[in-house]
Amino acid sequence: MAEQYDIFVIGSGPAGGTIAARCSEAGKKVAIAEERGFGGTCPLRGCNPKKVMAGAAEIIGRIRDMEGSGIVPGSRIDWKDLLAFKRSFTEPVPEGKQKALQKKGIDTFSEGARFTDSHTVQVGDRTLQAGKFVIATGAKAREMDIPGKEHLIPGEAFMEMPEMPDSIVFIGGGYISFEFAHIAALAGADVRILEMADRPLGAFDPDLVDLLVKSSEEMGIQIHTNMGVQAVKSEGDRLILHAGENGSNVFEARRVINSSGRVPNIDGLALERVNVEATGKGITVNEYMQSVSNPAVYAAGDVAATPFPLTPTAAMEANVVVENILNGNSAKADHTGIPSVVFTLPPLAAAGLGEADLKEKGIEYEKKFSDTSEFFTSRRIGLHHSASKILLEKNTGRILGAHLMEHHAEEMINVFALAIRLGLTAEDLGKVIWAYPTATYNLNHL
Ligand code: FAD
């Protein structure tokens, strides 16, 4: 007889872990399967370890920015020590997370799960059944189908390189490439980003992206656009890349990182056996985060075909799934104003709509652009490029979008996330008394 559960969760990241824990707390019989280490991408090979490393890089960058203004440069990153420090955060996670789930009475399985029919999954040599399934398997690095692909290492492996090579090429100009490129450059590597489109960071405001490109180039990072990589080959201890039209541009590096994108982790699930519809963007769900083709299956996080594949989205969608499993479909996912940040130096952050979205939707708006590079908040730390762009609904002044590239943008964007989510206006923000001297005080210029 197969073991029976109320709910079977596949994947233990921010989405799956939350759903399993909350459903068990509500008295449901829950099991969870995890094939790589409990905790998922964010704490093990994503946000958290990256922020630890970016934090070290920021110190080096800020020391350099203050050279001649009272700070004597000379510090450097010791990659091995930094790796050990990073591991002090990641290594305890899998065991700690698994034990925490078990303590809540959840059966945990450290193996991949695969559907065999609409009530059953296979986990190793066990057959398990459940009334409801939650797919929370996240995303994985997109494999590149080019000659020499075996020489590429996936983005997340950057944080496990035993040493910092003298030169690195990042394929793809997305947020992960930019963040790692800044870390690598500040750790002393010769860094290039090769982007196939005509500009990198396509999801972010183009004017601010141009500024970030300028900052990155001044840091020594070379950014090439319209430069799709066609082939990679190994010559001694170097890798040779052919990129751009007909592969006529040649680059050389010690390591090449494939950060060309992430795709939903659905290949091994045998979704066809459980009639769960999916596209290249992930599992197709309705507003209740329920599969459109099988009502016994919910999906949440990066694996669902919803916008903003980020940890806060996974947590929000997970809470929607919990409400709907426990109380019947009642809670709806709302992706309004989810903030996203590129943790570079300075950071680039966005919440809400961009100008292109507003034009496409035919919404009339007013733009407040500020070059903040001469503001006290930038000058006092030697930051040469910084700016903000706030988009307000015409006539009402409602905040529709915020785009920041400045010191503490990663924190300030949360003010805008709140404003957008609650439908606040520029006038509302003007009523708040902000602490001085802080980056947020600049909101008085709105
Ligand atoms: P995941 O955290 O990916 O968890 C899914 C889990 O499912 C994985 O552990 C996987 O092993 C498991 N799994 C897959 N298939 C199976 C199977 N068949 N059986 C059992 N288990 C399975 N987001 C932010 O908000 N801020 C950041 O700064 C940020 N930085 C990032 C940096 C990097 C380098 C990366 C890669 C990602 C980053 N993200 C960031 C994204 C963030 O990590 C994800 O959005 C988040 O982890 C999604 O959570 P999830 O639960 O949907 O999926």
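As the structure lists them, so they are numbered: ligands from 1, and atoms in each ligand from 1. Excluded from the calculations below are hydrogen atoms, water molecules and symmetry mates; all remaining heavy atoms, backbone and side chain alike, are included.
Close approach to F180 involves these atoms of ligand 1, each under 4.0 Å from a residue heavy atom: 34 (C). Close approach of ligand 1 to G112 is summarised as follows: ligand atoms under 4.0 Å from at least one heavy atom of the residue are 19 (N), 20 (C). Taking every heavy atom of F343 and a limit of under 4.0 angstrom, the matching atoms of ligand 1 come to 28 (O). Using a 4.0 Å cut-off to heavy atoms of A33, the atoms of ligand 1 that qualify are 20 (C), 21 (N). In summary, the atoms of ligand 1 found under 4.0 Å from a heavy atom of L269, numbered by their order in the structure, are 18 (N). Of all the atoms in ligand 1, the ones that sit under 4.0 Å from a non-hydrogen atom of R36 are 11 (O). Those atoms of ligand 1 with a heavy atom of G13 less than 4.0 angstrom away are 2 (O), 4 (O), 51 (O). Those atoms of ligand 1 with a heavy atom of G40 less than 4.0 angstrom away are 2 (O), 4 (O), 9 (O).
For the pair A15 and ligand 1, the shortest N or O to N or O distance falls below 3.5 Å. Between E156 and ligand 1, no pair of N/O atoms sits closer than 3.5 Å. The shortest N/O to N/O separation between T311 and ligand 1 falls below 3.5 Å. Checked against a 3.5 angstrom limit, the closest N/O atoms of V303 and ligand 1 fall outside it. For the pair A113 and ligand 1, the shortest N or O to N or O distance falls below 3.5 Å. Remark: ligand 1 and E111 share no N or O pair separated by less than 3.5 Å (distance only, no angle test). Where the criterion is an N or O separation shorter than 3.5 Å, residue side chain and backbone included, Y175 meets it with respect to ligand 1. Geometrically, ligand 1 and P312 share no nitrogen or oxygen pair separated by less than 3.5 Å.
With a 4.0 Å cut-off on non-hydrogen atoms, F158 does not touch ligand 1 at all. By the criterion of a heavy-atom distance under 4.0 Å, the side chain of N265, and not its backbone, is placed next to ligand 1. Contacts of R262 with ligand 1, taken as heavy-atom pairs under 4.0 Å, involve the side chain alone. Of the heavy atoms in P309, only backbone atoms (N, CA, C, O) come closer than 4.0 Å to ligand 1.
Judged by the shortest distance from any of its heavy atoms, R45 lies inside the 4.0 Å radius around the atoms of ligand 1.
For atom 2 (O) of ligand 1, the closest non-hydrogen atom on the protein side is T41 N, 2.9 Å. Protein heavy atom nearest atom 26 (N) of ligand 1, with residue, atom name and distance: C47 SG, 3.8 Å. Closest to atom 33 (C) of ligand 1 among all protein heavy atoms lies G46 CA, 3.5 Å. Ranking the protein heavy atoms by distance from atom 52 (O) of ligand 1 puts D302 N, 2.9 Å first. The protein heavy-atom contact nearest to atom 21 (N) of ligand 1 is E35 N, 3.2 Å. Given atom 53 (O) of ligand 1, the protein heavy atom at minimum distance is G138 CA, 3.3 Å. Atom 28 (O) of ligand 1 has its closest protein heavy atom at K50 NZ, 2.4 Å. Closest protein heavy atom to atom 8 (C) of ligand 1: E34 OE1, 3.5 Å.
The local environment of CE in M66 is crowded, with over 12 non-hydrogen atoms from other residues, nucleotides or ligands closer than 6.0 Å. The neighbour count for E25 CD, taken as heavy atoms of other residues, nucleotides or ligands under 6.0 Å away, is above 12. R238 CZ: more than 12 foreign heavy atoms inside a 6.0 Å radius.
Residue Y175 forms a side chain to side chain contact (heavy atoms under 4.5 Å, CB included) with just one option from L348, V341, L310, and that option is L310. No option in I193, L212, V209 other than V209 meets the side chain to side chain contact (heavy atoms under 4.5 Å, CB included) test with P200. Among M405, H182, E179, the single residue meeting the side chain to side chain contact (heavy atoms under 4.5 Å, CB included) criterion with V342 is E179. The only option from K99, Q98, K97 that meets the side chain to side chain donor-acceptor pair (under 3.5 Å) definition with T108 turns out to be Q98.
Considering only non-hydrogen atoms, atom 7 (O) of ligand 1 lies nearest to G11 out of G37, A300, G11. Residue nearest to atom 14 (C) of ligand 1, selected from D267, T137, V121: T137 (by heavy-atom distance).
Taking CZ of F133 as the reference point, atom CD1 of I7 lies at 11.0 Å (rounded to 0.5 Å). Taken to the nearest 0.5 Å, the OG1 atom of T41 stands 7.0 Å off from the CZ atom of R36. To the nearest 0.5 Å, atoms CG (L194) and CD1 (I257) are separated by 12.0 Å.
Checking S386 against T372 by side-chain atom types alone, a donor-acceptor pair falls below 3.5 Å.
Counting heavy atoms from C-beta outward, E195 and L201 have side chains that stay 4.5 Å or more apart. Residues I381 and R62 meet the side-chain proximity criterion, which asks for heavy atoms closer than 4.5 Å.
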TODO: Please report the C-alpha distance between V232 and L152 in whole Å, then the side-chain angles of each, then the deciding distance to 0.1 Å, and finally whether the side-chain contact (heavy atoms from CB on, under 4.5 Å) criterion is met.
DONE: CA-CA 8 Å; V232 184; L152 308 178; 3.8 Å; yes

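With respect to the salt-bridge test (charged N to carboxylate O, under 4.0 angstrom), the residues E323 and R22 qualify. Between D334 and R421 there is a salt bridge, since at least one side-chain N of the basic residue sits less than 4.0 Å from a carboxylate O of the acidic one.
Cation-pi geometry between K389 and F369 is not met at under 6.0 angstrom from the ring centre and within 45 degrees of the axis.
The shortest heavy-atom contact between G39 and V93 is CA-CG1, 4.2 Å.
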